[in-house]
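Structure first, commentary second.
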Amino acid sequence: MNFPKFKYNADPIKLKVIVQRKTCCPVCNKERDYAYQGPFYTTAAVEGICPWCIADGSAARKYDGDFQDIASCERVDSPGFLDELIHRTPGFCGWQQEHWLSCCGDFCAITDYMGWKQIQQLVEEFPEQTRADFEQLLKDYRISEHEFKTASYDHIQGYLFKCMHCNNLRFYTDCD
Ligand SMILES: [Zn+2]
Ligand SMILES: [Zn+2]
């Protein structure tokens, strides 16, 4: 069975929210080789959901749950985008509450976690694209551009997103 495609989260295995292990999925009751271990907002205690039951919306329906916190999603143009993101897309694991970024009226795709070095490289390589998010970072931690370039803040983690419409890169950070 082909691994499902997720528009907003192309590689949930790399992001460690889906792991390769045997599970008996509580939604489809089938033996599967992949299990979800990312965020799931529901009152039920549920474990071992398979990626197929995320992709077709059956897991979210069965447990009346969301894979993202709606209040932590940026605005988009269509309620259909929000529905796909919170009901049919695996989340990712932030150090704190995850935020889902948007661009061009749609959600971006989460592409990677970033350590400090990768955040520095990203800003250096794509100064214009990342300008607004970079300024937010400087403001959040009250650091100067010089400090950003020279110091190392290992307690800060970044979350990299890509717009599927204009290929813009966006990011945000949190800390432990
Ligand atoms: Zn399943
Ligand atoms: Zn865009």
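In each ligand, atom 1 is the first atom listed, and ligand 1 is the first ligand listed. Computation of the quantities below employed the complete heavy-atom set of this structure, encompassing side-chain atoms and omitting hydrogens, waters and symmetry-equivalent molecules. The structure displayed is predicted, hence computed values, not measured ones.
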Discussion item. For Y159 and F92, I'd like to know if the aromatic rings sit close, meaning centre-to-centre distance below 6.0 Å.
Written reply: yes
Worksheet item: Y8 and D106: side-chain donor and acceptor closer than 3.5 Å?
Response: yes
Worksheet item: Under 3.5 Å, is there a donor-acceptor pair linking the side chains of Y36 and T23?
Response: no
Worksheet item: Is the side chain of N9 donor-acceptor paired with the backbone N or O of T89 at a distance under 3.5 Å, no angle test?
Response: no
Worksheet item: Taking the Zn ion (ligand 2) as the vertex, how big is the angle to SG in C103 and SG in C163, rounded to 10°?
Response: 110°
Practice prompt. Please note down the angle at the Zn ion (ligand 2) between SG of C104 and SG of C166, to the nearest 10°.
Written response: 110°
Worksheet item: Is the Zn ion (ligand 2) under 2.8 Å from any N, O or S atom of H165?
Response: no
Practice prompt. Could you tell me the separation between the CH2 atom of W100 and the CD1 atom of I110, rounded to the nearest 0.5 Å?
Written response: 6.0 Å
Practice prompt. Kindly indicate whether the side chain of L15, heavy atoms from C-beta on, has any atom under 4.5 Å from the side chain of C93.
Written response: no
Practice prompt. Could you tell me whether the side chain of Q136 reaches within less than 4.5 Å of the side chain of Y172, counting heavy atoms only?
Written response: no
Worksheet entry | Neighbouring protein N, O or S atoms of the Zn ion (ligand 1) [cut-off: under 2.8 Å, no waters] | C25 SG, C28 SG, C50 SG, C53 SG
